[in-house]
Peer 1: 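So that we are looking at the same thing, I have put the structure below in structure tokens.
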There are 2 protein chains.
Amino acid sequence: MRSKIIQDGQKKKASFIEEARRRQIVEGAISTIASAGLPQASLARIAQDVGVSKGVISYHFAGKDELIQQVVNALFVETNRFIKARVDRAPDAPRRLRAFIEASFEFMAANRANFVALVDIWGSFGSPEAKRRFNADMYDPCRHHLEGILRRGQDSGDFRDFSPGTLAATVQGAIDGVMLQWVFDEEAIDLADCAAELVTMFDLATRRRA
Amino acid sequence: MRSKIIQDGQKKKASFIEEARRRQIVEGAISTIASAGLPQASLARIAQDVGVSKGVISYHFAGKDELIQQVVNALFVETNRFIKARVDRAPDAPRRLRAFIEASFEFMAANRANFVALVDIWGSFGSPEAKRRFNADMYDPCRHHLEGILRRGQDSGDFRDFSPGTLAATVQGAIDGVMLQWVFDEEAIDLADCAAELVTMFDLATRRRA
DNA sequence: CTAATTTTTGACCGCATGGCCAGGATTCAA
DNA sequence: TTGAATCCTGGCCATGCGGTCAAAAATTAG
């Protein structure tokens, strides 16, 4: 692994086992974090759960920080890809917004461990600067996506006049906030009901007034 | 400190210094966590920030777990007291709901460190069971309060028919979700705008239809 | 003022962690 | 087949953690 830096320069070589192990370890980390909690998810524990020696992680990742970074990345990428696919299939802005909300909840319900792990992790970004970066890298793209939907809905005349940025933050916030409670106590929250409520609510809140 | 258990039995004696130190340490812990992040907030670091020896914390608290527990408690109690005072001053259900949302954001804006610390902490409840307890002890009372407001609004005919539990989770979620983004990046979120948006949105979403 | 009690200190312990590395196994290229 | 590159192992280490303790300091009571 001397070539880690050069890798980007090279094209094909540095892979297969490398990529496979990385994926395997990242997935193992997610499930370990979700089931045991971040504080208990030491490199030793993750390695044990994956079924490899501890050194393997050090070999494929620069350190625990990079592992966690990759975990967060995988979590966001996977989620956003699913949502985006659903959104793109919708014909107009109101239905795209609806698809965004529904897809978010559908993906949550089908991938609980991902969100349990995410909640565990996102508290542990120590410095304010780290939080900023986390937000900029992970959260902003989501909001941006939403903002685009909202803005085009205004252009097409489907939506009333509002600040797209603020409403995007509100939509994203509502989804994440419900998700958070659901992560804490699965049975206290009825995801489907909340999704439906949010859909009708944001429909009312965005549609052009009579 | 042999009398820790008897304390409840005694009446006045076991206090002043004891209580003062406890408050001091809890507050110090909050500010250390908020500024350095939970992972960096060791007992040594907290003690240093407070300006006392490490042993003092062990002397006044059973352990780090109890400290964190007290921190979370203080955070919730303080927040809820503020919100409840505002809500109680409102004359009818729609205005109580509005007061709930506005008070939440107002308190956030005035106590940023509290929420930064809270977000740091709430990810680190390891076991699923710990999360359940956290949710049950801290979150449920909030939702319960909200549910009461909503239910009485339905009884009085101000609100349309909906599931109070679901809508309470939705309101709470929307507030917390926006708060979360604001914790990550203060400048990316305009709290006042989001508050206003949420107020009008939930007004639209709850009012009895024509 | 003195004796008893509460509070504080700073050194200390055992432990788990993240990271490191020498050497062995495996895979790959020629 | 053989030599080189890659991949993996298991043990090692320094670090920092939470927690404990004897003794010193401060406070209180008599």
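Chain A is the first sequence line, chain B the second, and so forth, proteins listed ahead of strands; every chain is numbered from 1. For clarity, every value in this text was computed on a predicted model and none was experimentally measured.
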Peer 1: Look at the aromatic rings of B/F107 and B/F115 and report parallel, tilted or perpendicular, splitting at 30° and 60°.
Peer 2: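 Plane angle over 60°, so perpendicular.
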
Peer 1: Considering just the side-chain nitrogens and oxygens of B/Y59, establish if one lies under 4.0 Å of OP1 or OP2 belonging to C/dT7.
Peer 2: yes

Peer 1: Could you go through A/R21 and A/Q24, starting from their C-alpha distance and side-chain angles, then the distance that decides it, and tell me whether this counts as side chain to side chain donor-acceptor pair (under 3.5 Å)?
Peer 2: CA-CA 5 Å; A/R21 270 272 188 263; A/Q24 182 193 26; 2.6 Å; yes

Peer 1: Expressed in angstrom and rounded to an integer, what is the separation of B/Q40 atom CD from D/dC17 atom P?
Peer 2: 8 Å

Peer 1: Would you mind reading off the distance between A/R21 atom CZ and C/dT27 atom C1', rounded to a whole angstrom?
Peer 2: 13 Å

Peer 1: Working note: B/R22 + B/F61, criterion side chain to side chain contact (heavy atoms under 4.5 Å, CB included); need CA distance, chi angles, decisive distance, verdict.
Peer 2: CA-CA 8 Å; B/R22 282 201 150 225; B/F61 295 87; 4.0 Å; yes

Peer 1: Residues in ring-ring contact (aromatic ring centres under 6.0 Å, His included) with B/F202, at least two apart?
Peer 2: none

Peer 1: Starting at CD of A/E18 and ending at C1' of D/dC8, how long is that distance when rounded to a whole Å?
Peer 2: 13 Å

Peer 1: In plain terms, say whether B/E102 and B/R98 are close enough for a salt bridge, that is, a side-chain N and a carboxylate O under 4.0 Å apart.
Peer 2: yes

Peer 1: With a 4.0 Å cutoff (strictly under), does any side-chain N or O of A/R45 reach OP1 or OP2 of C/dT17?
Peer 2: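 Answer no for this pair, as no side-chain N or O of A/R45 is under 4.0 Å from OP1 or OP2.
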
Peer 1: Measure the distance from CD1 on B/I46 to C1' on D/dC17 and round it to the nearest whole Å.
Peer 2: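 Computing the B/I46:CD1 to D/dC17:C1' distance gives 12 Å.
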
Peer 1: If I take atom CD in residue A/Q48 and atom P in nucleotide D/dG10, what distance separates them, rounded to the nearest angstrom?
Peer 2: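 Interatomic distance, CD of A/Q48 to P of D/dG10: 12 Å.
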
Peer 1: Could you give the CD1-to-C1' distance, from B/I25 to C/dT7, as a whole number of Å?
Peer 2: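 B/I25 atom CD1 is separated from C/dT7 atom C1' by 11 Å.
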
Peer 1: Can you check nucleotides 19-21 of chain D for protein contacts, nitrogen or oxygen pairs under 3.5 Å, and list what you find?
Peer 2:
{"residue": "D/dG19", "atom": "OP2", "partner": "B/K64", "partner atom": "N", "Å": "2.8"}
{"residue": "D/dG19", "atom": "O6", "partner": "B/K54", "partner atom": "NZ", "Å": "2.2"}

Peer 1: Would you kindly give the CD-to-P distance between B/E19 and C/dT6, to the nearest whole Å?
Peer 2: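 Going from CD in B/E19 over to P in C/dT6 covers 16 Å.
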
Peer 1: Tell me the closest heavy-atom pair linking A/A34 and A/V116, and the distance in Å.
Peer 2: O-CG1, 3.6 Å

Peer 1: Measure NE2/A/H60 against P/C/dG18 and give the value in whole Å, please.
Peer 2: 18 Å

Peer 1: Please determine whether salt bridge (charged side-chain N to carboxylate O under 4.0 Å, His left out) holds for the pair A/D92 and A/R96, giving the CA-CA distance in whole Å, both sets of side-chain angles, and the decisive distance to 0.1 Å.
Peer 2: CA-CA 6 Å; A/D92 54 20; A/R96 268 198 285 277; over 6 Å; no

Peer 1: Output yes when at least one side-chain N/O atom of B/S42 is less than 4.0 Å from OP1 or OP2 of D/dC17, else no.
Peer 2: yes

